[in-house]
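Quick notes on the structure that follows.
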Amino acid sequence: MAELSDRMRERVQSHLRGIEPYDPNFTLTKINLSANENTYPLPSGVRERVDAALAATPLNRYPDPMSNSLRDELARRHGVARENICVGNGGDELLFNLLFAFGGCGRTMLTCTPAFSEYQFFADLTQTSVLDIPRDPVTFEVDAARVLDAASSCDVVVLTSPNNPTGNLIDPALTREVCRACPGVVLLDEAYMEFADASASALGLLDECSNLVVLRTLSKAFGAAGIRCGYVVAASDIIDAFAAIRQIYSVNVLTQAAALEMVKQRERFSSTVATICSERDRMYAALSEDPRVTVRSSAANFLLVRMANASTVRRRLRDEFSILVRDFSAVAGLEGCLRITVGTPQENDAVLAALDSLLREE
């Protein structure tokens with residue numbers, strides 16, 4: 001993406017002059033396995049209900065500012081009250097709002113890289129200092145002892161479970177300890193949790209950890225990345241803080257209508273999630289047998305695969321096979337790594353065959 005012009009660099013706030021915008025490095029291809037999207041169609045009957053809800057939604061009125069009907073349904077899903085839910089324009093808006101509310105000048109966010117790059121980006125935007133405790137270079141597990149020691153001096157802790165892009169889970173027992181150690185707020189980004197065992201979620205800790213915030217999204221398991229809808233679950237006073245600083249009407253009427261129908265029909269997504277998990281395990285088994293690559297086990301809907309000449313392989317997948325995957329080779333700790341989203345069986349077979357062909361030549 002383009003850098004700021006000299007004219008704009010002179011006019012924006014000084015801390016924004018070197019900001020690099022998030023770049024998904026998207027190219028139009030026949031098979032896109034680069035963004036951890038759910039590549040399956042909506043379950044039978046769900047799209048029809050969504051379309052009917054959209055058709056019945058007036059466009060001449062502002063949306064409900066707090067998405068209360070959707071909050072009520074999400075509260076039913078998780079066994080909490082409406083007051084424990086805040087809906088946002090994707091999880092990204094809520095991540096930014098977290099740091100806008102609880103970070104800022106003179107405050108510190110703790111995170112463990114490799115992790116979602118937007119954490120650092122939003123910290124930069126809000127002038128929040130970042131304390132990074134790198135993950136183990138081989139297993140990508142967090143250094144629990146160092147995290148607990150550092151959490152006591154941090155205003156915000158952001159951990160991801162399953163972690164993007166490595167697929168690791170955070171033990172809820174560690175989350176509990178971090179919440180006890182941190183005087184500020186602790187966010188568990190659970191965008192991919194539906195692809196893991198439900199016992200791994202931190203949602204069960206909300207009653208005893210008053211500073212815990214759990215982030216969820218409809219972009220992954222619900223296959224609704226295009227409508228931009230995420231939410232956080234937390235104590236009511238934390239939700240009040242999110243509500244106080246959020247942009248008004250940030251979740252539009254069509255998103256609210258579509259999301260409400262999807263959450264109402266949530267049980268219908270279970271078979272798709274199960275298929276994705278089965279395909280993930282099948283791909284992991286196939287790649288594990290290939291001595292030319294190293295693949296990480298994952299609790300999410302993607303796999304991290306290390307190989308020689310990864311950037312070249314990624315380019316050739318795109319140019320010769322019209323398959324797009326994500327190259328993480330330039331990220332510290334992820335040298336030689338590609339992240340491959342788990343797609344349909346046909347898409348997965350295509351990427352496995354293409355990788356085999358290219359690695360024979362590399």
Side-chain angles (χ1 to χ4, degrees), residues 36 38 70-71 73-88 90-91 94-95 98 111-112 115-116 119 135 140-142 144 147-148 151 156-182 185-224 229-236 238-239 242 259 262-263 266-274 276-278 280-281 297-302 342:
N36 298 343
N38 182 336
L70 179 55
R71 290 173 77 198
E73 193 61 38
L74 290 167
R76 280 189 282 272
R77 180 191 184 197
H78 296 298
V80 297
R82 172 197 285 186
E83 290 74 22
N84 299 119
I85 303 276
C86 184
V87 179
L94 296 162
L95 287 169
L98 175 87
T111 191
C112 300
F116 186 33
Y119 304 152
R135 291 169 174 263
F140 296 116
E141 295 295 333
V142 299
V147 167
L148 288 171
V156 179
V157 176
V158 176
L159 298 173
T160 320
S161 184
N163 185 52
N164 175 21
T166 64
N168 301 63
L169 289 165
I170 298 290
D171 189 330
L174 176 58
T175 299
R176 179 187 292 109
E177 293 183 60
V178 172
C179 288
R180 290 172 177 171
C182 179
V185 296
V186 177
L187 180 129
L188 256 290
D189 184 344
E190 292 190 352
Y192 301 93
M193 185 53 71
E194 285 88 353
F195 302 106
D197 191 288
S199 64
S201 174
L203 284 169
L205 300 175
L206 287 168
D207 286 342
E208 60 180 296
C209 299
S210 62
N211 59 340
L212 176 63
V213 181
V214 178
L215 175 69
R216 290 293 186 95
T217 181
L218 272 64
S219 294
K220 310 302 179 184
F222 284 85
C229 186
Y231 60 97
V232 289
V233 191
S236 60
I238 293 180
I239 296 301
F242 272 93
M262 290 181 182
V263 178
R266 53 190 174 274
E267 297 303 325
R268 296 197 178 192
F269 290 85
S270 59
S271 61
T272 298
V273 170
I276 292 171
C277 292
S278 176
R280 175 194 65 202
D281 296 343
S297 62
S298 170
N301 68 331
F302 55 81
V342 177

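Sequential numbering from 1 along the given sequence is applied to the chain's residues.
Taking 4.5 Å as the limit, every side-chain heavy atom of V213 sits out of range of all side-chain heavy atoms of L94. Side-chain contact check for L159 versus L187: every heavy-atom pair is 4.5 Å or farther apart. Side-chain contact between V186 and C209 is absent, with no heavy-atom pair separated by less than 4.5 Å. Between R216 and L74 there is no side-chain heavy-atom pair separated by less than 4.5 Å. At a threshold of 4.5 Å between non-hydrogen side-chain atoms, the residues I239 and V232 count as touching. You'll find the side chain of V142 reaches within 4.5 Å of the side chain of L174, heavy atoms only.
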Given the rule in the side chain to side chain contact (heavy atoms under 4.5 Å, CB included) test, do R71 and Y231 qualify, once you have shown the distances and angles that lead to the verdict? CA-CA 9 Å; R71 290 173 77 198; Y231 60 97; over 6 Å; no
Between L203 and M193, is a side chain to side chain contact (heavy atoms under 4.5 Å, CB included) present by the stated rule, with each step listed? CA-CA 11 Å; L203 284 169; M193 185 53 71; over 6 Å; no
Using the rule given for side chain to side chain contact (heavy atoms under 4.5 Å, CB included), can you reason through N301 versus R280, listing the C-alpha separation, both sets of side-chain angles and the distance that settles it, and then say yes or no? CA-CA 7 Å; N301 68 331; R280 175 194 65 202; over 6 Å; no
Determine, step by step, whether N84 and H78 satisfy the side chain to side chain contact (heavy atoms under 4.5 Å, CB included) criterion, reporting the C-alpha distance in whole Å, the side-chain angles of both residues, the deciding distance to 0.1 Å, and the verdict. CA-CA 10 Å; N84 299 119; H78 296 298; over 6 Å; no
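Distance alone, capped at 3.5 Å, is enough to place a donor-acceptor pair between the S270 side chain and the E267 backbone. In terms of modelled atom types and a separation under 3.5 Å, the side chain of R176 and the main chain of L205 share no donor-acceptor contact.
Rounded to the nearest 0.5 Å, atoms OG1 (T111) and CZ (F116) are 11.5 Å apart. The structure places CE of M262 at 11.0 Å from CG of L70, a figure rounded to the nearest 0.5 Å. The distance from atom OG of S298 to atom CG of L169, rounded to the nearest 0.5 Å, is 8.5 Å. Between atom SG of residue C179 and atom CG of residue L188 there is a gap of 7.0 Å, rounded to the nearest 0.5 Å. Atom CG of N163 is separated from atom CD of E141 by 9.5 Å, given to the nearest 0.5 angstrom. Note that CG of D189 and CG of L95 are 5.5 Å apart. Values are rounded to the nearest 0.5 Å.
When all heavy atoms of V273 and F195 are compared, the closest pair comes out as CG1-CD2, 4.0 Å. The minimum heavy-atom distance between A202 and T175, with the atom names listed, is CB-CG2, 4.1 Å. The heavy-atom pair separating A200 from P172 by the smallest distance is O-CG, 3.5 Å. Taking all atoms of both residues into account, the shortest heavy-atom contact from A234 to L212 is CB-O, 3.5 Å. Residues I170 and S161 approach most closely at N-OG, 2.8 Å, considering heavy atoms. Minimum heavy-atom separation, C182 to V157: SG-CG2, 3.9 Å.
Salt bridge status for K220 with E194: absent, with no side-chain N to carboxylate O gap under 4.0 Å. A salt bridge does not link E177 with R180: none of the charged nitrogens is closer than 4.0 Å to a carboxylate oxygen.
In this model, a donor atom of one side chain and an acceptor atom of the other lie less than 3.5 Å apart for T160 and Y119.
By the ring pair (Phe, Tyr, Trp, His ring centres under 6.0 Å) test, F242 pairs with no residue at all, sequence neighbours left out.
E208 CD: more than 12 foreign heavy atoms inside a 6.0 Å radius.
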